[in-house]
A.B. asks: 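Pasting a structure below so you can have a look.
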2 protein chains.
Amino acid sequence: MTCRNEERHTVARPTIEDIARRVGVSKGAVSFALNGRPGVSEATRARILKAAEEMNWRPHTAARALGGARAGAVGLVIARPARTLGVEPFFAQLLSGLQAGLSAQSVALELLVVEDTEAEIEVYRRWASEHRVDGFIMVDLQVKDPRVEIVESLDVPAVVLGGPGRHGSLPSVWADDREAMLSIVDYLAALGHRRIAHVAGLPAFQHTQRRMRALRDSARRLGLADVVSLPTDFSDAEGATTTRMLLSRPGRPTAIVYDSDLMAVAGLGVAAEMGVAVPGELSIVAFDDSVLTRIVHPALTALSRDTFALGTEVAEVLLGIIGDPGLRRDHRTPTPRLVVRESTGAPPLAG
Amino acid sequence: MTCRNEERHTVARPTIEDIARRVGVSKGAVSFALNGRPGVSEATRARILKAAEEMNWRPHTAARALGGARAGAVGLVIARPARTLGVEPFFAQLLSGLQAGLSAQSVALELLVVEDTEAEIEVYRRWASEHRVDGFIMVDLQVKDPRVEIVESLDVPAVVLGGPGRHGSLPSVWADDREAMLSIVDYLAALGHRRIAHVAGLPAFQHTQRRMRALRDSARRLGLADVVSLPTDFSDAEGATTTRMLLSRPGRPTAIVYDSDLMAVAGLGVAAEMGVAVPGELSIVAFDDSVLTRIVHPALTALSRDTFALGTEVAEVLLGIIGDPGLRRDHRTPTPRLVVRESTGAPPLAG
DNA sequence: CCCGTTCACTAGAGCGGTTTAGTAACCGGT
DNA sequence: ACCGGTTACTAAACCGCTCTAGTGAACGGG
């Protein structure tokens with residue numbers, strides 16, 4: 001007598017063995033049927049699927065993983081102080097996109113925030129050796145990145161978000177930061193700006209370096225003498241102090257480009273506090289777009305990219321190489337587009 | 001041809017059997033030793049631990065979970081449109097706290113963002129039946145919450161963030177929203193405000209209801225006639241339109257309380273756009289604190305709570321009931337404290 | 001000296017899947 | 001009628017770990 005009544009006794013989860021017994025076939029046949037692989041007739045397959053459905057069967061992931069199969073999850077480890085992460089709309093958007101891409105194959109995302117790269121590497125080691133995940137997503141590619149070699153040696157599929165270049169044999173998904181920075185500078189120069197400052201991110205990050213180089217090259221090409229990049233740690237605090245410093249020195253810039261939307265908003269706050277009119281006396285551009293740039297007043301001109309789509313693409317690439325480790329290749333995503341809002345305009349005449 | 005044994009020759013992960021062979025004992029003995037349970041002498045235990053260490057052994061989580069043991073992960077499912085989540089500093093902070101608490105017992109956090117409650121419930125069902133997690137964390141408690149009954153029936157440990165009340169037999173971690181709202185109204189009334197508006201969140205959420213009720217009660221007690229709560233969907237867009245509506249009608253409020261920091265910032269933007277001085281003509285209070293409230297100008301007066309600590313506490317409570325399902329009890333956290341910054345002041349004289 | 005206990009440890013049965021080797025039936029071609 | 005090949009299925013090994021039942025030795029009490 002099966003105790004199907006849901007009084008209080010939760011019915012034990014059915015296994016493929018239960019299904020096999022009920023349908024009158026072997027465990028193996030059930031496994032074939034449920035996984036859509038040859039070895040059973042269509043008639044039997046249908047009966048098995050029907051029984052599985054009726055009994056509300058679900059695979060036991062641990063059992064699957066044990067057989068050497070997939071873990072059904074991929075890992076994302078982020079090495080940033082929790083506070084910084086807290087307000088980066090970028091990551092949240094990326095996360096959503098990743099999950100959208102992963103859930104198509106009902107793969108879960110295992111997320112961990114750690115303090116530094118060392119801890120991050122330790123997590124890669126642990127998760128790989130525990131078979132907890134089928135692959136990794138690596139973000140914040142560094143200039144000389146110790147993670148690349150280690151993840152390669154772990155022999156676990158992985159995708160790097162960022163590049164191009166310097167990520168070893170790992171495939172990457174990247175957007176052209178250089179091209180994007182050039183478009184910003186061209187736009188500002190066309191408005192008449194000649195003193196442009198760049199409040200950059202962590203100099204250890206590859207994309208920071210690439211943006212700084214692009215700005216320098218661009219300045220040379222356009223003959224702008226007074227152009228400077230100042231590194232920060234991406235925090236609102238450093239974004240604010242750097243802005244304050246820039247605005248209080250003589251011959252202050254007429255335009256500032258921020259490497260993140262958060263720092264741009266912080267910079268806008270400083271300008272308001274110091275009584276510097278935006279965009280009258282100062283133009284502000286954010287190198288990243290999100291709700292943040294739109295809710296402040298004036299709304300910020302920003303480099304907009306579809307972070308959600310970026311996440312989806314990363315997920316797809318990773319699932320691809322998990323399925324077939326052969327197809328490692330880099331994927332270039334559309335170059336971010338500059339969305340002009342209210343924070344940019346011609347420089348003051350005196351400038 | 002498997003590319004498993006190439007020149008690099010990744011050493012196969014050692015199993016307890018390998019350790020057993022090397023030390024010259026049985027698998028069982030190794031298991032006992034590694035899990036710190038009786039059944040082996042101290043001398044043997046030491047030898048086994050040493051060998052495990054030398055061989056760099058790590059438990060295979062799937063194998064453990066299969067034996068009916070823990071999955072080593074807990075689940076957090078958030079049902080909000082991805083875009084909204086993107087900028088809620090609250091969740092990011094909470095996440096960090098959760099992970100800090102969980103990593104103490106090296107439990108992972110499985111995170112999933114879904115579109116609606118129905119999908120959320122489906123995920124609970126699936127994860128529970130797949131033994132993917134050992135417990136759940138439920139956020140955004142609703143007024144009549146269908147999730148409570150279902151999670152109870154799944155017979156999986158779970159903690160509710162929010163309350164008190166209406167979460168069935170599930171333990172909850174909660175802060176006193178009512179008390180907090182009273183403190184805000186008292187503060188504003190003391191400044192002289194009599195027309196106070198409340199841009200609330202989703203009315204389906206219990207905390208929204210509790211705040212609205214607190215405001216109403218408080219208004220009656222203080223004899224304020226012109227007090228109103230307007231529900232929104234928590235998005236910056238509705239926060240902005242609601243603000244615009246409030247500010248453009250005759251007898252507009254002299255103070256607005258926003259249910260989230262994001263909406264407060266959006267409201268501040270609208271005020272700036274409409275030329276309403278803050279705090280000269282309008283005081284703004286955010287019912288949640290984060291970097292956002294500090295980077296804008298003027299910085300916003302906000303209700304500050306330690307979201308990180310909240311996350312840690314939730315994690316601890318959940319791990320507690322996973323370990324011992326007996327100790328279900330509610331945990332009250334400190335009432336949020338009002339941090340006065342630059343966005344509040346006395347109402348205009350005419351008001 | 002014998003019996004009962006405790007101790008340290010072994011053997012092996014699961015856990016729920018996947019996968020391989022094996023088998024019996026059937027089919028078409030000569 | 002015979003052969004080779006395919007199809008549909010079964011039985012059982014296997015993944016790595018946990019945990020129970022069992023074993024032999026040492027020990028202590030009567």
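Order of the sequence lines fixes the chain letters, A, B, ..., with proteins taken first and strands second; residue numbering starts at 1 for each chain. Computed over heavy atoms, backbone and side chain alike; hydrogens, waters and symmetry mates excluded.
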A.B. asks: Using whole Å, what does the distance between atom P of nucleotide D:dT7 and atom CZ of A:Arg37 come to?
C.D. replies: 16 Å

A.B. asks: Restricting to non-hydrogen atoms, name the atom on B:Trp127 and the atom on B:Gly75 that form the minimum distance, rounded to 0.1 Å.
C.D. replies: CZ3-CA, 3.7 Å

A.B. asks: Looking at B:Arg64, does any N or O in its side chain come under 4.0 Å of the phosphate oxygens OP1/OP2 on D:dC17?
C.D. replies: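 Result: no.
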
A.B. asks: Could you state the atom-to-atom distance from CG of B:Leu34 to C1' of D:dG16 in whole Å?
C.D. replies: 12 Å

A.B. asks: Rounded to the nearest Å, what distance is computed from the CZ atom of residue A:Arg45 to the C1' atom of nucleotide D:dT7?
C.D. replies: 13 Å

A.B. asks: Would you confirm whether A:Asp330, through its side chain, and A:Ser172, through its main-chain N or O, come within 3.5 Å as a donor-acceptor pair?
C.D. replies: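 Checking the backbone N and O of A:Ser172 against the side chain of A:Asp330, a donor-acceptor pair under 3.5 Å is found.
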
A.B. asks: How far apart are the closest heavy atoms of A:Val40 and A:Phe32, and which atoms are they?
C.D. replies: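 Closest approach of A:Val40 to A:Phe32: CG1-CB, 4.3 Å.
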
A.B. asks: Polar atom pairs between nucleotides 10-14 of chain C and protein, under 3.5 Å, N or O only, would you list them?
C.D. replies:
unit_1	atom_1	unit_2	atom_2	d
C:dT10	OP1	B:Ser26	N	3.3
C:dT10	OP2	B:Ser26	N	2.7
C:dT10	OP2	B:Ser26	OG	2.8

A.B. asks: Strictly below 4.0 Å: does A:Thr15 bring a side-chain N or O up to OP1 or OP2 of C:dC15?
C.D. replies: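 It does not, given that no N or O in the side chain of A:Thr15 lies less than 4.0 Å from OP1 or OP2 of C:dC15.
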
A.B. asks: Residues from residues 55-62 of chain B sitting under 4.0 Å of DNA chain D, heavy atoms only?
C.D. replies: B:Trp57, B:Arg58, B:Pro59, B:His60

A.B. asks: Quick one: label B:Ser41 by what it contacts on the DNA or RNA (base, sugar-phosphate, nothing), any heavy atom closer than 4.0 Å.
C.D. replies: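 Here B:Ser41 touches the backbone only, sparing every base.
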
A.B. asks: Between C:dC9 atom P and B:Ile19 atom CD1, what is the distance in whole Å?
C.D. replies: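 Answer to the nearest Å: 16 Å.
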
A.B. asks: In whole angstrom, what separates A:Leu66's CG from D:dC14's C1'?
C.D. replies: 9 Å

A.B. asks: D:dT7 C1' sits how many Å from A:Glu42 CD, rounded?
C.D. replies: 13 Å

A.B. asks: Between P on C:dG16 and CG on A:Asp18, what's the gap in Å once rounded to a whole number?
C.D. replies: 9 Å

A.B. asks: Starting from the first five and the last five pairs of the helix from C:dC1-D:dG30 to C:dT30-D:dA1, work out the angle between the resulting helix axes, to 10 degrees.
C.D. replies: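 The end axes of the helix from C:dC1-D:dG30 to C:dT30-D:dA1 are about 50° apart, to the nearest 10°.
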
A.B. asks: What's the shortest heavy-atom distance between B:Val156 and B:Gly135, and which atoms?
C.D. replies: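 Closest approach of B:Val156 to B:Gly135: CG1-CA, 3.7 Å.
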
A.B. asks: Can you name the nearest heavy-atom pair linking A:Val173 to A:Leu161, along with the distance?
C.D. replies: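 Scanning both residues, the minimum pair turns out to be O-CD1, 3.4 Å.
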
A.B. asks: Which pairs count as salt bridge (charged side-chain N to carboxylate O under 4.0 Å, His left out) when at least one residue sits in residues 23-48 of chain B, sequence neighbours excluded?
C.D. replies: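 Qualifying pairs: B:Glu42-B:Arg45.
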
A.B. asks: Determine whether B:Arg64 and B:Asn35 satisfy the following criterion, side chain to side chain donor-acceptor pair (under 3.5 Å), listing intermediate values before the conclusion.
C.D. replies: CA-CA 12 Å; B:Arg64 269 199 175 146; B:Asn35 292 294; 3.2 Å; yes

A.B. asks: Report yes if a side-chain nitrogen or oxygen of A:Ser31 is closer than 4.0 Å to either non-bridging phosphate oxygen (OP1 or OP2) of C:dT19; otherwise report no.
C.D. replies: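 Negative; the distance criterion is not met.
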
A.B. asks: Any donor-acceptor pair under 3.5 Å linking the side chain of A:Gln99 with the backbone of A:Leu109?
C.D. replies: no

A.B. asks: Find the distance A:Ile16:CD1 to D:dC14:C1' and express it as a whole number of Å.
C.D. replies: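 Result: 13 Å.
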
A.B. asks: Run the side-chain contact (heavy atoms from CB on, under 4.5 Å) test against B:Asp145 and tell me which residues pass, sequence neighbours left out.
C.D. replies: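 Partners of B:Asp145 under the side-chain contact (heavy atoms from CB on, under 4.5 Å) test: B:Met138, B:Leu141, B:Gln142, B:Arg147, B:Val148.
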
A.B. asks: What are the two closest non-hydrogen atoms of B:Ile321 and B:Ala158, and how far apart are they?
C.D. replies: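 Closest approach of B:Ile321 to B:Ala158, heavy atoms only: CD1-O, 3.4 Å.
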
A.B. asks: So, using ring pair (Phe, Tyr, Trp, His ring centres under 6.0 Å) as the criterion, who are the partners of B:His60 when residues are at least two apart?
C.D. replies: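 A:His131.
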
A.B. asks: Considering only NZ, NE, NH1 and NH2 on the basic side and carboxylate oxygens on the acidic side, decide whether A:Lys50 and A:Glu54 come within less than 4.0 Å.
C.D. replies: yes

